[in-house]
Amino acid sequence: MLGFAAAFEGLGPDAWLTGAVVIGVVGALMADVGRPDLVLLSGLATLLVAGVVSPSQAFAGFSNSAVLTVGALYVVAGGVQHTNALSKLDRVLFPDTTRLGPVLARFMVPTSVLSGLLNNTPIVAMLTPRLQEWADAQGIPASKLMIPLSYAAITGGMMTLIGTSTNLIVAGLMEAEGYEPLHLFDVTWVGVPAALVLIAYFVLGGHRLLPDRGTSAPAAERRLGQNMFEVTVTAPSPIVGQTVAEAGLRDLGDAYLTHVRRGTEVLQGRPGRPLEQGDILAFNGSLAARERLLERPGLSRTLPHPDGTHDDPARYETLPLYEAVIAESSNLVGTTLGEANFREQYQGVVLGIQRQDEPVTSPVGTTELQAGDLLIVEAPDDFEERWSSGSREEFYLVAPRDGRARRGGTSEDDEETDRSGRAPIALGLTGAMVLAAATGLAPIVTAAFLAALLMVGTGCIRPAEAQRALNVQVLVVIAAALGIGKAIETTGLATAAAQGVLSVAEPFGPVAVLVALYLLTNLLTEIITNNAAAVLMLPVAMAAASSLGAPPVAFGVLVAVAASASFLTPIGYQTNLMVMAPGGYRFSDYARVGWPVTLLVMTTSVGIISLVWL
């Protein structure tokens with residue numbers, strides 16, 4: 001420990017200020033005091049005002065090739081999504097058998113491969129509703145499938161440089177600092193074995209650690225866990241004047257009456273409570289119970305129909321249902337549906353809220369929303385088209401919940417809406433992009449930019465959809481983190497941290513240094529974000545490589561893999577949060593399932609890096 005402390009002696013004021021800013025940023029991200037992009041921008045602004053970094057250094061990240069490449073890849077993935085190009089893979093993904101081992105192998109292998117060719121986040125968004133629908137039909141618990149889907153996408157993203165934004169960030173930062181950048185298949189040495197080890201682990205027995213939350217019922221009867229919904233007593237109703245018990249509303253088996261709202265009063269739902277016209281009955285339970293209640297005469301959904309300002313009020317009479325998982329960057333986080341003016345802003349009515357760790361017992365309209373909450377939304381046919389669109393800023397996932405929802409939305413021009421005929425073009429452009437980057441015909445950023453431009457030009461994705469497909473928050477996080485990473489390097493903090501790690505781990509050999517750096521990077525990933533962890537740790541890793549005389553590519557690959565390998569929490573990698581609500585997971589499920597995976601992937605990664613580069 002004395003050697004570790006000695007490494008930080010002699011640091012100047014700028015280095016100590018940078019260290020304080022980094023600790024503050026990490027603490028703020030852990031405490032979730034604000035959106036990650038705003039937190040990182042605040043840290044960068046502090047360093048800029050203090051003169052630790054110059055304006056050119058602070059804002060260089062916004063022109064970094066990694067940021068541009070990630071933005072272009074979002075558009076490319078959006079083109080594939082809007083043409084429904086992956087729908088033909090359903091026969092490959094889903095076998096006839098219901099034995100869990102073969103089922104996992106069947107969809108995890110293609111998921112990993114696809115995640116290496118496209119950004120892995122849109123892959124999970126596209127496959128989640130398909131996997132849910134198939135699991136419903138087969139009677140397989142979604143909780144046995146969703147974490148493997150996310151983990152397969154994460155390790156698949158390690159297979160190539162374009163599989164995840166983390167890889168591109170590491171490559172862009174290395175190039176900016178004068179190192180040989182990572183090439184398209186440098187991470188493949190680690191990614192492919194890691195994916196194979198992961199899949200083999202789950203197929204051969206790791207699936208036993210997955211929780212069993214029960215089977216999903218078909219479509220609108222799927223189990224929602226603890227879900228709050230409301231119905232209104234209207235006239236004429238046979239239950240007006242009856243008590244709660246006489247009306248048979250106290251306990252419905254899969255739902256129970258929690259309270260009665262009468263005007264401004266909130267009354268307990270006692271069995272002897274007489275019911276009046278206009279009473280709003282609040283239940284906790286399944287959506288199937290709500291459907292049965294609405295079939296009773298004199299009971300209707302609580303929220304009124306739209307007023308005359310809407311073009312076509314009749315379209316709200318019988319609307320399809322959607323599931324929407326709130327993103328961490330969404331404007332809904334920390335607000336209620338009423339405060340967010342959800343119905344007008346999002347053109348839908350929230351019927352229920354599912355939360356993983358706790359029941360939602362407050363009224364739907366006054367419940368403070370959290371990232372990862374699953375909303376059951378009644379909305380027009382174009383809700384999915386407007387709010388999926390490759391953009392993850394508001395919702396990680398938007399999927400139809402019943403047969404009335406039509407994928408892709410509606411339009412006056414059906415030919416323009418249905419772009420499945422352009423699927424070969426979208427796949428061809430994606431393949432050409434990968435081929436151009438792999439053969440060195442064009443840099444990755446050039447190939448991705450041209451592919452994105454052609455996606456728009458050929459009509460695979462519309463300009464407005466391409467704009468929504470850009471996850472601006474992720475791009476800002478990357479750019480701001482690059483500015484902070486520059487301060488870590490130029491102030492000598494990276495060198496000091498590297499010397500501290502080396503003083504502890506080097507006596508045990510270079511493999512111990514790799515393990516130490518992997519664990520530090522992985523820990524940061526689990527508590528903040530994968531992209532920020534990669535930027536903060538790469539200068540430290542490069543300084544360690546220089547001290548050891550090791551190839552920089554080895555430590556670059558290590559940071560890229562460790563920053564992506566988030567298996568212990570749902571917040572470390574957004575695909576984990578995306579599947580949390582659809583799988584009905586609790587926070588603790590990830591730790592129980594993920595710790596063996598973390599050890600396996602770390603052992604595989606460190607072992608291969610040692611063999612190939614050291």
Side-chain angles (χ1 to χ4, degrees), residues 25-36 39-40 115 120-121 124-125 128 142-158 164-166 194 198 201-202 206 209-211 213 325-330 333-334 354-358 369-374 392 396-397 473-474 477 481 518-537 559-602 605:
V25 166
V26 172
L29 291 172
M30 289 177 61
D32 197 24
V33 299
R35 288 173 35 160
V39 170
L40 285 161
S115 296
N120 53 9
T121 302
V124 173
T128 295
S143 58
K144 291 290 187 181
L145 305 177
M146 290 300 162
I147 280 181
L149 173 68
S150 176
Y151 287 5
I154 290 173
T155 53
M158 302 173 186
T164 176
S165 58
T166 309
L198 173 87
Y201 166 74
F202 275 111
L209 291 177
L210 293 164
R213 301 283 185 251
V325 178
I326 298 177
E328 188 177 9
S329 58
S330 174
V333 175
Q354 178 188 345
R355 186 164 294 163
Q356 299 77 27
D357 293 336
E358 57 189 72
L369 301 171
Q370 301 177 7
D373 282 353
L374 185 146
R392 311 291 161 226
Y396 282 139
L397 174 69
Q473 189 205 32
V474 170
V477 164
Y518 186 103
L519 289 174
L520 286 173
T521 306
N522 199 238
L523 177 63
L524 276 179
T525 290
E526 299 293 0
I527 60 179
I528 52 173
T529 69
N530 55 319
N531 293 328
V535 174
L536 296 178
M537 284 301 299
V559 170
V561 171
S564 293
S566 173
F567 306 115
L568 294 173
T569 70
I571 60 175
Y573 206 95
Q574 64 182 6
T575 60
N576 287 340
L577 193 59
M578 289 168 65
V579 302
M580 190 175 184
Y585 297 120
R586 302 185 180 96
F587 198 97
S588 59
D589 291 332
Y590 289 85
R592 184 176 64 255
V593 177
W595 73 264
V597 175
T598 298
L599 292 177
L600 285 171
V601 172
M602 181 184 71
S605 303

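These numbers were taken from a predicted model, which means no experiment stands behind them. Note: hydrogens, waters and symmetry copies are ignored here, and every other heavy atom, side chains too, is used.
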Phe567 pairs by ring pair (Phe, Tyr, Trp, His ring centres under 6.0 Å) with which of Trp595, Tyr573, Tyr151? Tyr151
Which atoms form the tightest heavy-atom contact between Met537 and Leu520, and what is the distance? CE-CB, 3.9 Å
Are Tyr585 and Tyr590 close enough that their ring centres sit under 6.0 Å apart? yes
Taking every heavy atom of Ala534 against every heavy atom of Thr166, the minimum-distance pair comes out as CB-CG2, 3.8 Å
Backbone N/O of Val561 and side chain of Ser564: donor-acceptor pair under 3.5 Å: no
Scanning both residues in full, the closest heavy-atom pair of Val559 with Thr521 reads O-CG2, 3.9 Å
Step by step, would you call Val579 with Val124 a side-chain contact (heavy atoms from CB on, under 4.5 Å)? CA-CA 8 Å; Val579 302; Val124 173; 3.9 Å; yes
Looking at CE of Met158 and OG of Ser115, how far apart are the two atoms once the value is rounded to the nearest 0.5 Å? 11.0 Å
CA sep, side-chain torsions, deciding dist, call: Asn522, Thr598, side-chain contact (heavy atoms from CB on, under 4.5 Å): CA-CA 9 Å; Asn522 199 238; Thr598 298; 3.7 Å; yes
Could you tell me which non-hydrogen atom of Ala194 sits nearest to which non-hydrogen atom of Val601, and how far apart they are? CB-CG1, 4.3 Å
Testing the basics here: between Leu209 and Val593, what is the closest heavy-atom pair and its distance to 0.1 Å? O-CG2, 3.5 Å
Would you mind checking if Arg586 and Asp589 are paired as a salt bridge, meaning a charged N to carboxylate O distance below 4.0 Å? no
Given side-chain contact (heavy atoms from CB on, under 4.5 Å), test Asn576 with Ile154 step by step and report yes or no. CA-CA 9 Å; Asn576 287 340; Ile154 290 173; 3.8 Å; yes
Are the side chain of Ser143 and the backbone N or O of Pro211 linked by a donor-acceptor pair below 3.5 Å? yes
Verdict with reasoning, Val325 to Asp373, per side-chain contact (heavy atoms from CB on, under 4.5 Å): CA-CA 6 Å; Val325 178; Asp373 282 353; over 6 Å; no
Hey, what do you get for CG (Leu568) to CZ (Arg592), rounding to the nearest 0.5 Å? 12.5 Å
Closest contact, heavy atoms only, Thr569 versus Glu526: OG1-OE1, 3.0 Å
Between CG on residue Leu40 and CG on residue Asn531, distance to nearest 0.5 Å: 10.0 Å
For a quick check under 3.5 Å, do Asn530 and Thr525 share a side-chain donor-acceptor pair by atom type? no
Just by modelled atom types, is the Ile326 backbone N or O under 3.5 Å from a matching donor or acceptor in the Ser330 side chain? no
For the residue pair Thr128 and Leu149, establish whether any side-chain heavy-atom pair is separated by less than 4.5 Å. yes
With rounding to the nearest 0.5 Å, note down the distance linking CG in Leu519 to CG in Leu524. 11.5 Å
